[in-house]
Each structure stands twice: as structure tokens, then as C-alpha cells.
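Structure record follows, encoded as C-alpha cells.
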Amino acid sequence: MPDVQIQYSKSASMYQLFFRKENDQKTTHYCPGCGHGTAQKLIASVIDELAIQDRTVFLSPVGCSVFSYYYFDTGNIQCSHGRAPAVATGIRRTLSDAIIIAYQGDGDLAGIGMTEIVHAANRGENITVFFINNAIYGMTGGQMAPTTPIGVKTLTTPEGRSKSRDGNPIGMCELLASLQAPAYIERCSLSTPKQVLRTRLAIKKALDYQVRKKGFSFVEILSPCPTNWRMSPLDARAWIAGELEGDIFPLKCFRDVPQEIQPDSLSVIRPDIVTLLTKDSILKTSYDGPPRAPKYIKIAGFGGQGVLSAGELVAFSALEEGFNVSWLPSYGPEMRGGSANASVICSDEPIGSPVVDCPNVLIAMNNPSLELFENSVTNNGIIVLNSSLVERKPRRTDVKTYAIPATDIAKKAGLVSAANVVMITALAAITGFLHVSTVKHSIGNVLRKKLYTDKNLEIVENTLSYLREKEMM
Ligand SMILES: Cc1ncc(C[n+]2csc(CCOP(=O)(O)OP(=O)(O)O)c2C)c(N)n1
Ligand code: SF4
């Protein structure tokens with residue numbers, strides 16, 4: 001027996017430790033025998049081989065592979081359900097050298113994301129899509145997917161998928177191959193070691209095409225989901241070989257026609273759009289005062305408190321004062337009563353991302369908002385809290401706190417929903433970063449019900465009286 005030493009090591013493109021869980025940093029969250037683990041291992045090893053780790057951006061989908069960003073030591077973006085090809089397109093247009101991997105399940109790609117994938121393929125975007133087809137919605141517990149074969153029992157088809165009721169399984173390779181633009185389309189499988197090796201070859205070819213700017217590449221990987229198929233890992237792989245690979249999803253290369261991508265379609269930042277986004281062109285006014293410190297503002301409360309409109313009020317006012325502005329709303333699934341927050345950035349410089357992770361201004365409209373965001377405020381930041389509803393003081397001692405009884409002031413004037421206007425007026429008056437006169441002017445732009453404009457203006461004056469009385473301005 002020769003002296004063979006087998007050394008097991010992870011690809012350099014995967015993190016050596018996964019920081020998702022404190023008590024287990026070595027294993028992924030995938031079930032035993034899941035194809036995601038195998039597919040991701042193959043992708044990581046090809047990234048290593050092609051030496052593209054530093055310029056790879058891995059797009060995680062919604063689905064069982066939602067946590068891929070804990071595993072890939074590359075650029076990472078977590079996309080909304082089904083939207084990876086659209087996100088990939090955005091990155092392609094701005095970073096011409098990035099290697100972009102959209103990794104998607106069958107629910108993600110062939111269900112909710114069908115439009116995005118078809119159009120990205122039709123445009124021949126120079127991106128790579130790995131389509132993990134396990135013929136079921138894994139993450140949500142085993143509902144029928146667009147690719148579930150006829151007769152297969154799932155949570156939503158307990159008697160088996162029916163052709164007349166549910167339609168036929170969709171062959172994504174066949175569908176995309178009907179378009180002219182794609183460069184490479186292949187269907188592979190993880191059923192046997194031989195097929196796994198073939199899959200690696202396809203992954204390599206797809207990424208190599210992207211590196212060489214040969215156009216849109218798409219690899220479908222038939223992948224086991226033992227948990228939702230209710231099979232052992234071995235039986236699951238045998239089922240792929242016996243059932244899926246046959247007539248339903250034949251393994252083959254559907255397209256191999258490398259394209260000549262025009263350099264200007266790889267990165268088209270349109271100068272006219274960039275100019276449009278700068279303050280001068282929006283406002284046709286110019287701010288020529290001294291540089292102003294940017295404001296990263298988080299306004300948080302419950303749905304119905306006017307949190308998003310408060311953000312708009314700041315955004316409109318800041319625009320009027322010549323700032324570049326972004327406004328990003330975020331709300332829970334409930335229209336009313338759930339949590340809501342708005343991120344607003346006001347800056348003299350162009351704004352790269354509208355996300356506010358570490359606000360230097362927090363406006364907390366209720367208790368949970370203070371709990372949630374207090375620790376994210378930067379040193380020397382500001383917390384303006386609605387003391388009518390927030391019951392405690394901030395624990396932070398390195399930030400300045402202003403307690404304004406916003407709900408009470410608004411209620412007293414007969415319009416409880418205007419607590420948001422109280423808070424923004426206070427923010428402007430206390431910090432001076434916006435003129436109160438501008439806020440007053442913007443109220444008309446933001447409030448759709450003009451009826452309430454006068455009442456809100458009255459509330460602005462009441463707020464100013466309160467601040468003067470308390471010597472806060
Ligand atoms: C907008 C939206 N709709 C629906 C869901 C619920 N959802 C989460 S994952 C998923 C399907 C996942 O299936 P698939 O893409 O096949 O990935 P898998 O989990 O099998 O890897 C669905 C429908 C959601 N999170 N967001
Ligand atoms: S449910 Fe299925 S797809 Fe999801 S991790 Fe488990 S085996 Fe994989």
C-alpha cells in the first residue's frame with residue numbers, strides 16, 4: 001500500500017469558520033445529503049481554480065441557500081426572492097470586472113423570479129446563473145415547485161402533481177435555449193460521483209465564459225432534497241438518476257455559442273443618469289455654503305405612526321436645501337401595527353448606498369425602536385425620542401438625547417397622527433441641519449391630504465413653543 005496522505009481542506013473561497021452560529025462554526029446549515037452543500041463546494045473549488053475569488057460577487061437567493069454569504073469568502077449580496085438576475089445586471093453595469101454568480105433555487109428562479117431570469121438571459125448579460133433544481137420548495141417545508149414532476153406528492157399536491165390542475169414541470173434550460181442571446185446552457189446532476197464531476201466541469205465552463213466575457217451562462221443542477229422528498233440521502237440521489245434525469249430533465253448541453261460582448265454593454269454607467277442624481281440637476285439650485293456633515297438618519301416606530309412620511313419630510317426638505325438625498329423605507333408585512341422604519345441619508349457628496357446601518361441620528365417613535373436601534377447609533381450621535389411613548393431613557397452615555405412628547409403635542413392639537421411632524425420639527429430646530437421654514441414648506445409636498453396642512457403647520461408652531469419653553473433651541 002503506497003504511503004498516501006489524504007489532506008482534507010476547504011476551498012480558499014470558503015470561510016474556514018462560519019460565523020452564523022457561535023457554538024458551531026464548522027458545519028453549514030444544510031440537511032445531511034442536501035445538494036446545496038455539494039454544489040457550493042464545487043463552485044468554491046472552481047473559483048479557486050480560476051483565481052477569481054477577489055472579484056467574485058456571490059448572490060444568495062431566498063430559499064434554503066439564503067445563508068450562502070456565511071460560507072463564501074467573496075463579495076456577497078443577499079437578493080430578494082427571485083431577483084438575483086436583476087441584481088446581477090445592476091452589478092454588471094457598474095463593475096465591469098466583477099465575476100457575478102447568481103445562485104438560485106427552482107422556486108426562486110422558475111417561480112417568483114421567472115421574469116428576471118428570462119429577461120437577463122434574453123439580454124445576454126455576461127453573468128453566470130447556477131440553478132439548483134430540487135423540484136420542491138425546500139425552505140418552506142416542501143410545497144410544489146414549477147419543476148415538480150407530474151404525480152409527485154408534495155405538501156400542496158398531497159395526491160400528486162396533476163397536469164390539468166398544476167401544469168407540466170417547466171424545463172428552464174429548454175425555455176432559455178429558445179432565446180438567441182445566451183452563450184452557454186447546460187443541465188447537470190448530482191446523482192452520482194460521475195455526474196458530480198461533470199457538474200464541476202459545467203460550472204468551470206460557465207465561469208470561464210464569464211471571465212472571458214463570452215456572455216450569459218446558465219447551469220441547471222438537479223439536486224437532492226432528502227428532507228422534503230422524505231428519502232435517505234442515498235435514495236434521493238438514486239431518485240434523481242431514475243426519475244428526474246430521464247425524459248423530464250434530460251442531462252445535456254443545450255447551448256454552447258460563445259458571444260462577443262460589446263465592451264460598452266458590460267458597464268454602462270450613463271453619465272446623464274449620474275448627473276441627474278446629483279443635487280444640482282435635480283434642484284437646479286446650487287448650494288455653495290461651507291461643507292456640511294452628512295446625516296445618516298434612522299426613523300423608527302410602528303406602522304401608522306407616519307414613520308415613512310417622516311422620512312419623506314426630511315428627504316424633501318433636505319433636497320430643497322441642496323443635499324443629495326436617499327430615502328429607503330422598510331416595513332413589516334402588516335400595513336398597520338407592525339414595525340416600520342425609514343433610512344434617510346443627506347449628504348453634500350454623492351450617495352453610494354441608501355442603507356443606514358449606523359445612524360448618527362435616531363428618531364425613536366416607540367419603545368421597540370429604541371431597543372432595536374439604540375446600539376447602532378454612532379458615538380456622539382443624536383437620539384430624538386418620543387417621550388410620550390418611550391418609557392425609558394437611552395442607556396448610551398456617548399450620545400445626546402432629546403426627549404420630545406411628540407404624541408402628546410400632536411394629540412393636544414387634535415391630530416395625533418402628526419407626532420411625526422413634531423419629531424422632524426424638533427430635529428430641524430435642535431440640530432439646525434434643516435431650516436424649520438423648509439420643513440414647513442415641505443409639509444405640503446409630503447402630505448397627500450392637503451386638508452391637514454394647516455393643522456400640521458399649527459403643530460410645527462406648537463413644537464417650537466415647547467422647545468423654547470424647555471430651552472432646547
Ligand atoms: C416574496 C416572498 N414570497 C415567498 C416567500 C416564501 N419562500 C421562502 S423560500 C421559498 C421557496 C424556496 O424554494 P427554492 O427556490 O426551490 O429553494 P430551496 O429552498 O428548495 O433551496 C418561498 C416560496 C418569501 N420568503 N418571500
Ligand atoms: S430542506 Fe432540502 S434543500 Fe433545504 S437544506 Fe434540507 S435538504 Fe437541502
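A quick note: this is a predicted structure, and the numbers were derived from the prediction, not measured. When a ligand or atom number is given, it counts from 1 through the structure's own listing order.
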Looking at E245 and R187, is there a salt bridge between them, counting it only when a charged N and a carboxylate O are closer than 4.0 Å? no
So, at under 2.8 Å, which protein N, O or S atoms would a careful student list around atom 6 (Fe) of ligand 2? C31 SG
Interatomic spacing from CD1 in I43 to OG in S68 - rounded to 0.5 Å: 8.5 Å
E174/K252 under salt bridge (charged side-chain N to carboxylate O under 4.0 Å, His left out): CA gap, chis, key distance, verdict: CA-CA 10 Å; E174 288 81 348; K252 61 177 193 172; over 6 Å; no
Do you know which of S60, P61, C79 makes side chain to side chain contact (heavy atoms under 4.5 Å, CB included) with Y103? P61
Report the part of I136 (side chain from C-beta onward, or backbone N, CA, C, O) that has a heavy atom under 4.0 Å from ligand 2; answer both or neither where that applies. neither
N-O pairing of K298 and D357 below 4.0 Å: no
Output yes when R165 and E159 qualify as a salt bridge under the 4.0 Å nitrogen-oxygen rule, no when they do not. no
With a cut-off of under 6.0 Å to the ring centre and 45° to the axis, is K21 in cation-pi contact with F18? no
Need the list: ligand 1 N/O atoms against protein N/O atoms, distance under 3.5 Å, rounded to one decimal.
residue  : atom   : partner : partner atom : Å
ligand 1 : 15 (O) : G107    : N            : 3.0
ligand 1 : 15 (O) : D108    : N            : 2.7
ligand 1 : 16 (O) : D106    : N            : 3.2
ligand 1 : 16 (O) : D106    : OD1          : 3.1
ligand 1 : 16 (O) : G107    : N            : 2.8
ligand 1 : 16 (O) : I136    : O            : 3.2
ligand 1 : 19 (O) : C64     : N            : 2.8
ligand 1 : 19 (O) : G138    : N            : 3.4
ligand 1 : 19 (O) : M139    : N            : 2.8
ligand 1 : 20 (O) : N134    : OD1          : 3.4
ligand 1 : 20 (O) : N134    : ND2          : 3.1
ligand 1 : 20 (O) : I136    : O            : 3.2
ligand 1 : 20 (O) : G138    : N            : 2.8
ligand 1 : 21 (O) : H36     : NE2          : 2.7
ligand 1 : 21 (O) : C64     : N            : 3.4

S13-D48 side chain donor-acceptor pair, cut-off 3.5 Å: yes
Could you check whether K214 pairs with E260 (Lys NZ or Arg NE/NH1/NH2 to Asp/Glu carboxylate O, under 4.0 Å)? yes
Numbered atoms of ligand 2 (with element) below 4.0 Å of N134, judged on heavy atoms: 3 (S)
Parallel, tilted or perpendicular: which fits the ring planes of Y70 and F67, with parallel below 30° and perpendicular above 60°? perpendicular
